[in-house]
Structures are given as structure tokens and as C-alpha cells.
Amino acid sequence: MIKLSENNYDEVLDLVFNKALSDNNLIKEHMYLRSDYIPDNLPFRESQIISIGQSLSPILRNTKCSNLLLYGKTGTGKTVVAKYVTNKLIQRTHELNLKVRLAYTNTRIAGTSYRVLSNLADSINLEIPFTGIAVGEVLQRIIDRISQNKYIIIFVLDEIDYLVKTYGDNLLYELTRSSDKFSPGSLSIIGISNDLQFKEYLDTRVLSSLSEEELVFPPYTTEELRAILEQRSKLAFSKQTYSSGAINLCAALAGSEHGDARRAIDLLRISAEIAEREEGDNQLEEKHVRIALQKIDRDRTYDALNSLPLQAKIVLLSVLYFDSTISTGDVYNKYCDTCKKIGIEILTHRRISGLLSELDLLGLITGSVISQGRYGRSKRIHALISFQTVKEVFVEDPVISPLL
DNA sequence: CGTCCACAGGAATGACGGGCGG
DNA sequence: CCGCCCGTCATTCCTGTGGACG
């Protein structure tokens, strides 16, 4: 048994702590480098802010406002703008002493219809059990509460496309319909969707009610991203500790994807953290951004691969066994062999088909359905990652490692 | 022009483990 | 601690389908 030398750690920790305490740190305020921080001034979203403000303004006259749908890809500012405007509105309603309540939920994080409603209930101080009562009953209690207290509710449903795709539009139907039921009190919905085609999943009645007003958030241009990063850098960093080249590179890298501000800000933060940990003069340079980019990509695939269930890992390996494009049938045969080799239960063809679709969604493989006439209809599949990458992660899995 | 391949992918159902209220 | 419900993973059964082949 090795006895740890406490003194050694003392010295190292002292160094680490002293560095954190010293004034010449690169990052002054971490808060401004978070992508969920809401700045006082949201650049390049003026028209959207005004539009939403106008749509919500009936609230100030104590009447219901239109339902609203916000569209745009990730990192285009939908959530931050919605929070910004609703927060401002709520401030005004406090001054005016109105019974307005704001509820926010991210349906993907909430997970189920039940928990979405639970978030709504929280906003009106209605306690509902974690589980045990039916969704319809929860909704009824909420409706009763709203009517009784004449609440005016703004319900922000973030990533609403997730809710609809996994649970259908029942809940939205009930919510939009219920808003007609109470004459005192009202419920207005602001839906936020990443998916531009999400409307196709909705029943026409729900759609017409929900999208009384629509707003599209375009991606940020590289130049706009640069300005946003500049703004954040001024707030977050000590003076003269970052190069404009580094900022430009962050903006360019994020801009080349689809103008994703969240990604740009994350990249900036990770770069700064790397620069800060480095020995020396604590300058944020382009080289740090390049390291950060690699780190982000690596972490992302590492997490995706590592969290794969065992069977999905075997399926992925079976795909990687071939180096050209192959069919589902090929994968299944190889998969069966592999299972036999390591003595693992073989799943059905149907299940493998499903697992392949999941791997496709994760972006680890890609497949497209192709008909070969007489020779059937199948999915042509090929891997999007190298065997080498997968191997590095999978060696840690005791069941899989014998295969490598 | 119909057949039929080799699957895709939806629906219903079951096995299993975890969390919660009583 | 027990029963209950829920979510997840998987199975079974099923219907649908583009186009080369005969």
C-alpha cells in the first residue's frame, strides 16, 4: 500500500488555488460565456423582439394574446429572445399588478407530457404529485385553477417539435382547446421549434390555433457571430487578453456550420479555458481555438459512442467490419456471427433495423433506402466514423474488447 | 403488366427494473 | 416492504413498396 504524500498535493493544490485567486486570470466572469446567459442587449434580433413584444402586448390590457410559433435552427436565438421579451413583459405586469404568470418548459428536458404539465402547474403554485394521477386529470386541475384565479398565462414550450414527435399533438390540442373554455383567465402558448417542417406533424385544428402568428429566426452570419462574441469577450475577459484573430476564428468555425451562436459561444469558452490553464501569459490565441474545436468534436463522438447500449455497439462494429456500402441483410449476418463469437443473445432482424436507424440519427452511420427491383428493397448503409475512433472508445468495454 | 424480393417501419404486446406512495 | 405505475428494450405480427425480371 502506497502512502500518499500529503505535502506534495498541498504544493500542487496551492499552485492551482493561487492561480485561481490571482488577478491576471484570463476569464473574469464565467457567466457571460454561458450560452444560456441573457444579455441586456440582444444584437441582430431587433425585429423579432419587436414582433414578439407586439404579439404579447394585449396581455398588458389584461386580455389574451395570440399563440405564437418561433422557428429556427439551433443557436439562432429563439429561446433567449423569448425569455428576454417575456421577462420584460412580466416586469411590466408586476408594476401594473396584473395576474399574469409565465411558465417555461423545455419539452425535451421535461421528457413527458406529464412533466410538461407539471411545469405549467408550478407557475400557478398548483402542487401536483410526481406521479399517480392521469394526464387529463392534471390538465383539468390546471384549467380549474386558472379559471378560479383569473390568471393570464403565457406558456413557453421550448423544443415543441420533440413533444409532438414523441407524444403526438394530443396535449397541444387539449391546451389550445382549453383556452376557449375559460372566459376569465386565459392561456397563450409560445411554441419554439428547431424543426422547420414540424408543422406537418400537427392536426390542422391545432396548427391553425397554435400558429396564429409565426416568426422565423434566420441563422446568424459569420459577421454577426463575430460581433456577438466580441460583446461577450468584453464582458467576460480581462482587458487585452484576447486576440481578435481568435474571436474571428470562433465565429468563422461556427458560421460555417449554420450560424449557431450557442456553438460559437461554447467554442469561445472552451478555448478560453484551455488558454487559461496553459502556462505563461494567459493570452487567448487562435491555436487555443483549434485545440478547443478538436476537443469538442472528440468529446461529442466519445460520449455518443460510450453511451451506446451493448447491442448497438455490436451493430456498429458489424457495420464497420465492411469498408464499403452494405445492406441491412449483410449487417445482420455479420451481427449474428459476432454475437455467437462472444456468446451474446441474438436480437431479431426487426430490432437490428431499429438500432441501425438510431445509429443513423446519432450521425454515426448513414443509410438510404434503395430498391433493387427483383432483388428487393433495402437500406444502403455506410459508416461515418473510422474503425480506429470506435476502437479507442470500445476497448474500455470488457464485453466488446475481445473483438478488437 | 403482374410478380415478388428483401427489406422498411408501424402497432400491439410482453419482460424487466426503478421509483413512489401507502 | 409491497403493490403500482412508468419507461425502456425487445419480440411478434403485420402491411407497404420500387422496380428488375419474366
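Fair warning: this is a prediction, and the values are worked out from it, not measured in the lab. Chain A is the first sequence line, chain B the second, and so forth, proteins listed ahead of strands; every chain is numbered from 1. The figures that follow rest on heavy atoms only: side chains count, while hydrogens, waters and symmetry mates do not.
Here A:L355 lies out of heavy-atom contact (under 4.0 Å) with every strand.
Taking atom CD1 of A:I370 as the reference point, atom P of B:dA8 lies 12 Å away to the nearest angstrom. What separates OH of A:Y332 from C1' of C:dA10 is a distance of 12 Å, to the nearest Å. The distance between atom CD of A:E358 and atom P of C:dT8, rounded to the nearest whole Å, is 11 Å. The distance from atom CG of A:L361 to atom P of B:dA8 is 14 Å, rounded to the nearest whole Å. Distance A:E345 CD to B:dA15 C1': 11 Å, rounded to the nearest Å. For A:R351 and B:dA8, the CZ to C1' distance is 15 Å, given to the nearest whole Å. Between the CG atom of A:D330 and the C1' atom of B:dA6 there is a distance of 11 Å, rounded to whole Å. In this structure, CZ of A:R380 is placed 19 Å from P of B:dC5, rounded to the nearest angstrom.
OP1 or OP2 of B:dA8 has at least one side-chain nitrogen or oxygen of A:S353 nearer than 4.0 Å. In this model, the phosphate group of B:dG9 is approached by a side-chain N or O of A:K379 to a distance below 4.0 Å at OP1 or OP2. For A:R374, no side-chain nitrogen or oxygen approaches OP1 or OP2 of C:dC21 to under 4.0 Å.
Nearest to the side-chain atoms of A:T348 among the listed nucleotides B:dA8, C:dA20, C:dT11 stands C:dT11. Side-chain proximity of A:V369 to the nucleotides B:dA8, B:dC7, C:dA20 is greatest for B:dA8. Here B:dA8 is the nucleotide among B:dA8, C:dC21, C:dT11 with the atom lying nearest to any side-chain atom of A:T328.
Side-chain contact between A:Y104 and A:N119: absent, with no pair of heavy atoms (C-beta onward) separated by less than 4.5 Å.
The backbone N or O of A:N41 sits less than 3.5 Å from a side-chain atom of A:Q231, completing a donor-acceptor pair.
Atom CD1 of residue A:I342 and atom CD1 of residue A:I400 lie 5.5 Å apart, to the nearest 0.5 angstrom.
Judged by atom type and distance alone, A:R377 reaches the base of C:dT17 through a side-chain donor-acceptor pair under 3.5 Å. Evaluation of atom-type donor-acceptor distances gives a pair under 3.5 Å for the side chain of A:R350 against the base of B:dG10.
At a threshold of 4.0 Å, the pair A:R263-A:D297 counts as salt-bridged, since one of the basic side-chain nitrogens sits closer than that to a carboxylate oxygen.
Applying side-chain contact (heavy atoms from CB on, under 4.5 Å) to A:S327 and the options A:T325, A:V331, A:D330 leaves one that passes, A:D330.
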